[in-house]
Amino acid sequence: MDAILQFFNEHLILIYLLIFTVILGFEVISKVPTVLHTPLMSGANAVSGVVIIGAIILIRNASANDYLTLSLGAIGVILGMINVVGGFAVTDRMLEMFKKKKKS
Amino acid sequence: MINFIVDISYLLGAVAFVWGLRQMSTPDTARKGNLLAAFGMGLAIVATMIVPMDDAENNYSLILGSMLVGGLGGFTASKKVQMTAMPQMVSIFNGLGGACAVVLAMTELVHFYDGTVAFDKGQLFIILTTLLIGAIAFTGSMLAFAKLQGLVWDSQVTLPKHNIINWILLFATVGMTTYLFLGGAALGMSMAIGLMVLALVYGFSFVAPIGGADMPVVISLLNSFTGLSAAAAGLIYNNQIMLVGGILVGAAGTILTVLMCQAMNRSLFSVLIGGFGGEATAAKSTSGDQIAKVITINDAAIQLYYSQSIMVVPGYGLAVAQAQKITKELDDLLEQNGVDVKYAIHPVAGRMPGHMNVLLAEADVPYPKLLDLEDANSAMTNTDMVIIVGANDVVNPAANDDPNSPIYGMPVLNVWEAKHVVVLKRSMKPGYAGIQNQLFFHEKTKMLFGDAKVSIQKLVSEIKTL
């Protein structure tokens, strides 16, 4: 119990952030109409590539001869980057099609 | 000073994520929203590159090289993919995000067990959670990809008593996680690898029995898992933007999962148990001796030509036949002759949420012509003719009136309320879920057999001669 209380005290701001982001996320996303569900999903998917930041931190902190960490980190960066770039690019491609019709 | 700039960049990045996703709620601003979110990501990545770290060796060349490889790979893939293959694409990208989280967690665990770093219980818990959710999202997404791509069939990966196996695997995974959590640094890396393997197997196994019409649910669920693993990884590094980004994705995935479940009137639990359509025994067998009426191209063309209003009900069959463009041509032709053409889009039409809208948008169909389930149903009685192209389960009356049907209670398009129904279909085979459809024998229904694309092409040239 003490451990839990201590954890709560130490991470209070983070817990606030967590709860408010959850509420904000549900509010923002529940307004998206059916038409845009696929772009929303692939856009959100690209955002989940934010894990790449962890991989970058990992590599920056590793010493230059720690090959295990470096190679794992590099894999992480590659995977994350595919997710980020591919995700945003493919979403843009889809949304471009939605926009085109406005003119006609 | 530089720390301040980095903090502000993270803050702006997080705001860009939220605002970008918000702009995605209307087609007019959606593209800007996506670019804004991408900008936020770029900002966050640059900030992470320049943030000062104590005794960091940086290894910038490795980071930039990896980013180039991944970026080029992702960019090329995104330009090549066909819109029909979008669900597969999203699944793969999603799986890679999960894999990235696994790699991070495993690296932290390597350092933990060789004594380089010490974690308290809270941190260990977060790392194990990241590993667990990331691994499940990874193999689950990869299997979902293989299924959507048609590389694997449900029956090939489903064992007898699969539900029991899944429960055992789930308990084993949770048990193993608890063991690692309680054991702390005294345990070795082999145990962590064991947990990773177990979670990877569970991810595969939990998606294995789910298929067919449930695919949109699974994809949404896996998407939310990847988001949660990213958020958990954000807690490892005490990094706010990872936390915010991950939670947003988790929320998006969860909402879509719930919406998809509602669209099928199924609980998430029953989707996860799987077997939708696996046991087609419940379907009425009386339909065997019923005869469906057939309509000729000529008659269908004349009926379309003299209708006031037409509703097209597209299903995944339309995408498979690549008939979007020719459907749009038929639409244009009829509109020129004063026929009002609308499209009725069921929420689970296609293989992921909103998939059908994207396919029609690709064919230049203006989105105001796309009606959702409720609007389409209220317009149905004033519709002269419904054309069903490659849809089946979403127009099945059994969902309303046959309590024995596996899809009973699922909201469907009440196409039989229109004056006439024409079904474009290859043969009398049941739909993806393997359920017989009484609509085909309905008094208002006529069948037009053949490949959807060829049939619509014939309709177009026939109407041109009228």
Side-chain angles (χ1 to χ4, degrees), chain A residues 3 7 17 21-22 24-26 28-32 34-45 47-51 53-61 63-64 69-70 72 74-92 94-99 101, chain B residues 17 21-22 24-25 27 30-31 34 37-38 41 44 48 53 56-59 62-63 66-67 69-71 73-75 77-78 90 93-94 96-97 99-101 103-104 107 122 223 226-227 230 233 237 239 242 244-245 247-249 251-252 255 352-355 357-358 361-362 366-367 372:
Chain A
F7 184 85
L17 183 65
T21 314
V22 170
L24 188 66
F26 277 99
V28 166
I29 286 146
S30 52
K31 292 202 178 71
V32 176
T34 327
V35 189
L36 293 174
H37 276 169
T38 296
L40 167 72
M41 182 170 263
S42 74
N45 198 10
V47 171
S48 74
V50 75
V51 275
I53 285 173
I56 295 174
I57 296 174
L58 199 70
I59 298 185
R60 286 194 59 193
N61 273 327
S63 68
T69 308
L70 287 179
L72 284 174
I75 294 171
V77 171
I78 292 173
L79 295 175
M81 207 61 188
I82 295 176
N83 191 348
V84 169
V85 175
F88 282 124
V90 92
T91 311
D92 189 59
M94 273 190 272
L95 292 171
E96 190 185 1
M97 300 183 319
F98 280 97
K99 205 161 190 183
K101 255 127 307 91
Chain B
F17 285 170
L21 286 178
R22 208 196 97 86
M24 281 209 169
S25 57
R31 198 171 176 202
N34 182 53
M41 184 70 80
T48 313
M53 291 179 183
E57 301 198 12
N58 290 331
N59 305 299
L62 180 68
I63 300 179
S66 310
M67 277 168 56
V69 173
F75 190 74
S78 73
V90 170
F93 285 159
N94 196 42
L96 296 183
C100 185
V103 170
L104 293 183
T107 315
N223 200 33
T226 311
Y237 297 99
N239 184 297
M242 286 172 81
V244 170
I247 295 282
L248 284 176
V249 181
I255 285 181
M352 70 183 286
H355 191 198
N357 300 287
V358 173
E362 191 194 15
Y367 58 82
D372 64 16

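Order of the sequence lines fixes the chain letters, A, B, ..., with proteins taken first and strands second; residue numbering starts at 1 for each chain.
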Of all of [options], which one pairs up most often with chain A through heavy atoms under 4.5 Å apart?
options	result
B:Ala233, B:Gly73, B:Ala37	B:Ala37
B:Leu62, B:Asp372, B:Thr226	B:Leu62
B:Leu21, B:Asn58, B:Thr48, B:Val103	B:Asn58
B:Ala77, B:Ala38, B:Gly122, B:Ala44	B:Ala38

Exercise. Stepwise, does the side chain to side chain contact (heavy atoms under 4.5 Å, CB included) test hold for B:Val69 with A:Met81?
Worked result: CA-CA 8 Å; B:Val69 173; A:Met81 207 61 188; over 6 Å; no
Any idea which of [options] has the most non-hydrogen atom pairs under 4.5 angstrom with chain B?
options	value
A:Ile29, A:Thr21, A:Val47, A:Asn45	A:Asn45
A:Leu40, A:Leu24, A:Ile56, A:Asn61	A:Ile56
A:Pro39, A:Ala64, A:Gly25	A:Ala64
A:Ile53, A:Val90, A:Thr34	A:Ile53
A:Ile59, A:Leu17, A:Val28, A:Val32	A:Ile59
A:Gly54, A:Gly87, A:Gly76	A:Gly54

Gap separating the [atom1] atom of [X] from the [atom2] atom of [Y], nearest 0.5 angstrom:
X	Y	atom1	atom2	result
B:Ile63	A:Ile78	CD1	CD1	12.0 Å
B:Thr107	A:Leu72	OG1	CG	4.0 Å
B:Asn59	A:Thr69	CG	OG1	10.0 Å
A:Met94	B:His355	CE	NE2	8.5 Å
A:Asn83	B:Met41	CG	CE	8.0 Å
A:Met41	B:Met352	CE	CE	5.0 Å

Would you mind checking which part of [X] comes under 4.5 Å of any heavy atom in chain B, side chain (CB onward), backbone (N, CA, C, O), both or neither?
X	answer
A:Leu36	side chain
A:Ile75	side chain
A:Val35	both

Looking at [Y], is its backbone amide N or carbonyl O close enough to the side chain of [X] to form a donor-acceptor pair, meaning the two atoms are under 3.5 Å apart?
X	Y	result
B:Ser25	A:Lys31	no
A:Ser48	B:Gly227	no
B:Asn34	A:Phe88	yes

Please classify the contact of [X] with chain A as side chain, backbone, both or neither, using a heavy-atom distance under 4.5 Å.
X	value
B:Asn239	side chain
B:Phe75	both
B:Met24	both
B:Leu248	both
B:Asn94	both
B:Ala30	both

What pair of heavy atoms forms the shortest contact from [X] to [Y], and how long is it?
X	Y	result
A:Leu79	B:Ala99	CD1-CB, 3.6 Å
B:Ser66	A:Val77	CB-CG1, 3.6 Å
A:Ala44	B:Asn223	CB-ND2, 4.3 Å
B:Tyr367	A:Phe98	CE2-O, 3.9 Å
B:Ile255	A:Ser30	CD1-N, 3.7 Å

Exercise. Can you check side chain to side chain contact (heavy atoms under 4.5 Å, CB included) on B:Phe93 and A:Val84, steps first, answer last?
Worked result: CA-CA 8 Å; B:Phe93 285 159; A:Val84 169; over 6 Å; no
Exercise. Any chance CZ of A:Arg60 has more than 12 other-residue heavy atoms, nucleotides or ligands included, within less than 6.0 Å?
Worked result: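 Enclosed: over 12 neighbouring heavy atoms sit under 6.0 Å from CZ of A:Arg60.
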Problem set entry | Worked check of side chain to side chain contact (heavy atoms under 4.5 Å, CB included) between B:Asn357 and A:His37 | CA-CA 9 Å; B:Asn357 300 287; A:His37 276 169; over 6 Å; no
